[in-house]
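Worksheet: one structure, shown below.
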Amino acid sequence: DTEVTQTPKHLVMGMTNKKSLKCEQHMGHRAMYWYKQKAKKPPELMFVYSYEKLSINESVPSRFSPECPNSSLLNLHLHALQPEDSALYLCASSQVTGLAGGISTDTQYFGPGTRLTVL
Amino acid sequence: GENVEQHPSTLSVQEGDSAVIKCTYSDSASNYFPWYKQELGKGPQLIIDIRSNVGEKKDQRIAVTLNKTAKHFSLHITETQPEDSAVYFCAASRYNNNDMRFGAGTRLTVKP
């Protein structure tokens, strides 16, 4: 099973709203990712969690707040977003393996995404 | 950081023909190169990947080649079918680094 699920599929929110995106995987992966994808563009990395700890934050504005409550779940809390934040938000997960002296990540598997529209 | 360039941006072929998409990367330490297919309204789906200790990998109608010296890798799809129509992304990363970088994507259209 290589399934990553995301909810909701679609979300419309105003600039003053607070909402959350959810991602879940049951593949035993210990690395989870948030990407943002604008129309006709490639996915852009936002955050990476490894062993439930934030390991990469690609200078994302604080109106996006990630949370990894356990090894299977990843949330993205949204507050005071701007219309330009409208995009497809993708979650991904991957194995983490320990190689000699280091930690390595493997193939990333993506969820279907949440289509976010900010009015 | 890594920079991945992908060509062409659009590709149209007749059903049954072959399609080739090419990518170059800048970071000589990159050693993992996946290819993703993204259909409209869906997330990217891994179709094939290759690691730097291998020069070529094949899976049925799909093959990937890697030239580490020239820092480029290519996706080859043979006997294309209309259901192959999608956007294809190449990507590159170091195996010990979560930071995967994507190419700009190629929109492939297979005409019946």
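Lettering follows sequence order; numbering is per chain, from 1.
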Exercise. For the residue pair F73(B) and W35(B), categorise the inter-ring angle as parallel (less than 30°), tilted (30 to 60°) or perpendicular (more than 60°).
Key: perpendicular

Quiz item: Picking from H26(A), H29(A), E24(A), what satisfies side chain to side chain donor-acceptor pair (under 3.5 Å) with S93(A)?
Solution: H29(A)

Quiz item: Would a line drawn from the ring center of Y49(A) to the ring center of Y33(A) be shorter than 6.0 Å?
Solution: no

Practice problem: Go through the atoms of Q37(A) and report whether side chain, backbone, both or neither lie under 4.5 Å from a heavy atom of chain B. | Solution: side chain

Self-check item: Under 4.5 Å from a heavy atom of chain A, the part of P34(B) involved
Solution: neither

Quiz item: chain B heavy atoms under 4.5 Å from Q6(A): which part of the residue, side chain, backbone, both or neither?
Solution: neither

Practice problem: Give the ring-plane orientation class for F110(A) versus F102(B), where under 30° counts as parallel, over 60° as perpendicular and anything between as tilted. | Solution: perpendicular

Quiz prompt | Heavy-atom pair count under 4.5 Å with chain B, highest-scoring of G111(A), A92(A), S55(A), P112(A) | solution = P112(A)

Quiz item: Of the backbone (N, CA, C, O) and the side chain (C-beta and beyond), which part of Q45(B) lies under 4.5 Å from a heavy atom of chain A, both, or neither?
Solution: neither

Quiz item: Would you call R63(A) and D85(A) a salt bridge, using N to O less than 4.0 angstrom?
Solution: yes

